[in-house]
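As structure tokens, the structure follows; a few thoughts come after it.
Sequence positions, counted from 1, serve as the residue numbers for this chain.
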Amino acid sequence: MSSSSIPVLLPGYAIPRESPTSWQPKKYLQPPQPPPIDEAHAKELEVAAQRQLLDGKALKKTRPRRTVDYAGGMGRWDLLRKLRPSPYYVPWMRPAPSYIIDLLPPKGYLNNASTSLCTKFVHTSTNKIRCPVNVVTWTPEGRRILTGSTSGEFTLWNGLTFNFETILQAHDSAIRALRFSHSGAYIASADQSGIVKYFQPNMNNLTAFTAHRESVRGLSFAPNDERFATASDDATVRIWAFEESREEKVLTALAFLKPSQLGHGWDVKCVEWHPTKGLLVSGSKDNLVKFWDPRTGTCLSTFHQHKNTVQAVAWSPNGDLVASASRDQTIRVFDIRAMKEYRILKGHKKEVCSLAWHPVHSLLVSGGSEGAILHWDLSAPQPSFNDILSTSTQPGPRATISEAHDSNVWSLAYHPLGHLLVSGSNDHTTRFWSRERPGDATSVFSGGGARPPAGEEEEEQGVPGFMGWQGEEDYGEVPMPSITQDGYGQMYNGLGEDGIPGIPGLGGSGPSPYSNNNGGGNGSGPQQRQNSVGPQGRSHWGPSSSSSGYRRR
């Protein structure tokens, strides 16, 4: 029987057919075309240009402003939480610009703190009346930044495009402290003359009263917002009932108390209320860090480790650690569970002026009077005493921006999501810093501190959400960094061994985390990639995660 007479039992679509000799596309035959021109907008620009020429002014290029948009990353992370196969699944990241859209917010990388190093310069914002910026803070929803300056003005900046929104003459003297209540319903500010004022978020002034005889240096709300504490140059810490604007306690030196229970004997430069407990910490010009019970007004404990004025204190988000910055050029981290010193951080060349904890990871950022901003990773295990002796050095900062500002960095604040850092300085500027992007060869600040470009950054070309795409022409003649840092870690690719240079955030080929580091960001060795995620996926803080310039204002 011939093969042609055999009945075919398969359906017709399952029978293999001969492929055509050549395939020709039928759609998308034209290359990508530019977007259509908006004739109305083009005519408006032409009229504006002609008006400028008639006025004798130089013609300015109209370019979109740089933005750092977090909405896309948050949406992608929220979708991933529903679709991921396990609670610890994170998509693989590659060192290419096309993976920028896959970059998740810091909360998506709980076991990799290096993804939150905000070392990429984005923008500089400056008031028309130039004066030192003493304090910066994000609004609770993270849409805007509020700054207080020596001129007594509040300035509100947009948190997406970083442009000016509004300004208010809030005080008659320099603003020294500014804080939103935990509920976000009120703002409390204090100035050089000792006056405290309440504002609503719409900048409506509610009340004003004299809290201290001298300058107020610090202000902090209690966890329930019913009280707040102020620190002043009159050597006292005072606790106030918020609604009544009434003084409840004065924490000061008393003659009948024991020496360890005495209050500060000199100007109190900072005070912070514990995030969840009835506990205060304060730092003073007498070099002491003191812990207070706000209910009884007594001093619970005193640390004498600093050798000079304590200029800033900050609680970690979970409240287990407290960091203090001093004019002795060191930062000391204390563990209140054991009431012992946990870390000594040395890296600043001059006095340390400001501190801020990352809201998600165990990262601490500090600003100094030499204009440097240093990032410290506390999730790495503390080296043993023998290791410190053998290397003759302490662990250095994870990343360094040695020329972030031209003068003292008075204030630092992280965005509530942790992807942006804002700094206020004595050089009259407010600057914004973001995380490194995968495959960004134009990153100039990851390795140790070129000076931010001068001029109007808002005139530089950019794509909304991606902070500009031209390359080096955006930043001018800025040298490339000599050291790259591990921004996305071994968890994604382990490209450090392949020797890919100039890709900050996606290589681990730098020096050992305990090697000598003079002004550059540390490379990350295996010690800095320890998984710090607990059983519930929470990031551990503290020891349990071990797996001559301007003077103060």
- Report yes if the side chains of P359 and P416 come closer than 4.5 Å at any heavy-atom pair, otherwise no. no

- Message: Would you say that more than 12 heavy atoms from the other residues, nucleotides or ligands in this model lie under 6.0 Å from the CG of D172, or not?
- Response: no

- Task: To the nearest 0.5 angstrom, please state how far the CZ atom of F154 sits from the NZ atom of K197.
- Result: 8.5 Å

- List the atom of L412, the atom of G367, and the distance in Å for their closest heavy-atom pair. CD1-N, 3.5 Å

- Between T67 and D69, does a side chain to side chain donor-acceptor pair (under 3.5 Å) hold up when you go through it step by step? CA-CA 6 Å; T67 64; D69 189 6; over 6 Å; no

- Where does the angle between the aromatic ring planes of H212 and W240 fall among parallel (under 30°), tilted (30 to 60°) and perpendicular (over 60°)? perpendicular

- Any donor-acceptor N/O pair, H415 side chain to G142 backbone, under 3.5 Å: yes

- Query: How far apart are the C-alpha atoms of I167 and K128, what are their side-chain angles, what is the distance that settles it, and do they pass the side chain to side chain contact (heavy atoms under 4.5 Å, CB included) test?
  - Reply: CA-CA 11 Å; I167 192 168; K128 289 184 177 179; over 6 Å; no

- Query: Just wondering, are more than 12 heavy atoms of other shown residues or ligands nearer than 6.0 Å to CD in E244?
  - Reply: yes

- For the ring-ring contact (aromatic ring centres under 6.0 Å, His included) test, which of W315, Y342, F303 pairs with F334? F303

- Note on the structure: In short, ring pair (Phe, Tyr, Trp, His ring centres under 6.0 Å) pairs touching residues 169-193 with sequence neighbours left out are Y186-F242

- Message: With heavy-atom distances below 4.5 Å as the criterion, would you say the side chains of V289 and V322 are in contact?
- Response: no

- Message: Between I331 and H348, is there a side-chain heavy-atom distance shorter than 4.5 Å?
- Response: yes

- Task: For S326 and T309, indicate whether the former's side chain and the latter's backbone hold a donor-acceptor pair under 3.5 Å.
- Result: yes

- Message: Tell me the closest heavy-atom pair linking A413 and T137, and the distance in Å.
- Response: CB-CA, 4.3 Å

- Message: Checking V271 against W292 for the side chain to side chain contact (heavy atoms under 4.5 Å, CB included) test, could you report, in this order, the C-alpha distance in whole Å, the side-chain angles of both residues, the deciding distance, and whether it holds?
- Response: CA-CA 10 Å; V271 64; W292 304 86; over 6 Å; no

- Query: So, K307 side chain and Q305 main chain: donor-acceptor pair closer than 3.5 Å or not?
  - Reply: yes

- Result for side chain to side chain contact (heavy atoms under 4.5 Å, CB included) between L117 and one of H361, R398, E436 points to R398

- Please determine, by modelled atom types, if N318 and D320 share a side-chain donor-acceptor pair under 3.5 angstrom. yes

- Item | Polar side chain donor-acceptor pair, H306 to S324, under 3.5 angstrom | yes

- Query: Of the non-hydrogen atoms in H375 and Y414, which two are nearest, and what is the gap between them?
  - Reply: ND1-OH, 3.7 Å

- Task: Give the intermediate values and the outcome of side chain to side chain donor-acceptor pair (under 3.5 Å) for residues S151 and S149.
- Result: CA-CA 5 Å; S151 61; S149 62; 2.9 Å; yes

- Message: Whether the side chain of Y109 engages the backbone of L104 through a donor-acceptor N/O pair (distance < 3.5 Å, no angle test) should be reported.
- Response: yes

- Is it true that a side-chain atom of D286 and a backbone atom of L288 form a donor plus acceptor pair closer than 3.5 Å? yes

- Message: Before you tell me yes or no, could you show the steps for N204 and L206 under side chain to side chain contact (heavy atoms under 4.5 Å, CB included), namely the whole-Å CA-CA distance, both residues' side-chain angles and the distance that decides it to 0.1 Å?
- Response: CA-CA 6 Å; N204 178 35; L206 299 175; 3.9 Å; yes

- Nearest 0.5 Å, what's the CD-OG distance between E272 and S282? 10.5 Å

- Query: Between S354 (side chain) and V409 (backbone), is there a donor-acceptor pair under 3.5 Å?
  - Reply: yes

- Message: Students often mix this up, so state it plainly: with edges at 30° and 60°, are the rings of F228 and Y198 parallel, tilted or perpendicular?
- Response: perpendicular

- side chain to side chain donor-acceptor pair (under 3.5 Å) evaluation trace for K290 with T302: CA-CA 5 Å; K290 286 183 173 289; T302 302; 2.9 Å; yes

- CG on L280 to CH2 on W273, rounded to 0.5 Å: 5.0 Å

- Message: Could you check whether any side-chain heavy atom of V196 comes within less than 4.5 Å of a side-chain heavy atom of F209, counting everything from C-beta outward?
- Response: yes

- Note on the structure: Distance col, row Q311:CD vs S366:OG, nearest 0.5 angstrom, shows 12.0 Å

- Mind checking the CD1-OG spacing from I373 to S423? Nearest 0.5 Å is all I need. 4.0 Å

- Item | Student check: side-chain heavy atoms of M74 and L417 closer than 4.5 Å | yes

- Between the main-chain N or O of D191 and the side-chain N or O of S173, is there a donor-acceptor pair closer than 3.5 Å? no

- Task: Give the minimum heavy-atom separation between I175 and V135, together with the two atoms involved.
- Result: CG2-CG1, 4.1 Å

- Query: Hey, what do you get for CD (E153) to CD1 (I129), rounding to the nearest 0.5 Å?
  - Reply: 5.0 Å

- Are the side chains of D406 and T429 in touch, meaning some heavy atoms are under 4.5 Å apart? no

- Answer yes if the side chains of S402 and T400 hold a donor-acceptor pair under 3.5 Å, and no otherwise. no

- Note on the structure: Tightest non-hydrogen contact, residues W138 and G159, listed as CZ3-CA, 3.9 Å

- Message: Main chain of E341, side chain of R332: is a donor-acceptor contact present, judged purely on distance under 3.5 Å?
- Response: no

- Query: Where the side chain of S125 meets the backbone of F162, is there a donor-acceptor pair that is under 3.5 Å apart?
  - Reply: yes

- Message: Are R176 and V216 packed together at the side-chain level, in the sense that at least one heavy-atom pair is separated by less than 4.5 angstrom?
- Response: no

- Item | Shortest non-hydrogen contact from L160 toward N158 | N-OD1, 2.7 Å

- Task: Mark yes or no for whether R179, through its side chain, and L219, through its backbone, hold a donor-acceptor pair below 3.5 Å.
- Result: yes

- Test log, rule side chain to side chain contact (heavy atoms under 4.5 Å, CB included), inputs I336 and F291: CA-CA 10 Å; I336 66 166; F291 294 87; 3.9 Å; yes

- Task: Check whether any side-chain heavy atom of H358 sits under 4.5 Å from a side-chain heavy atom of L378, and report yes or no.
- Result: no

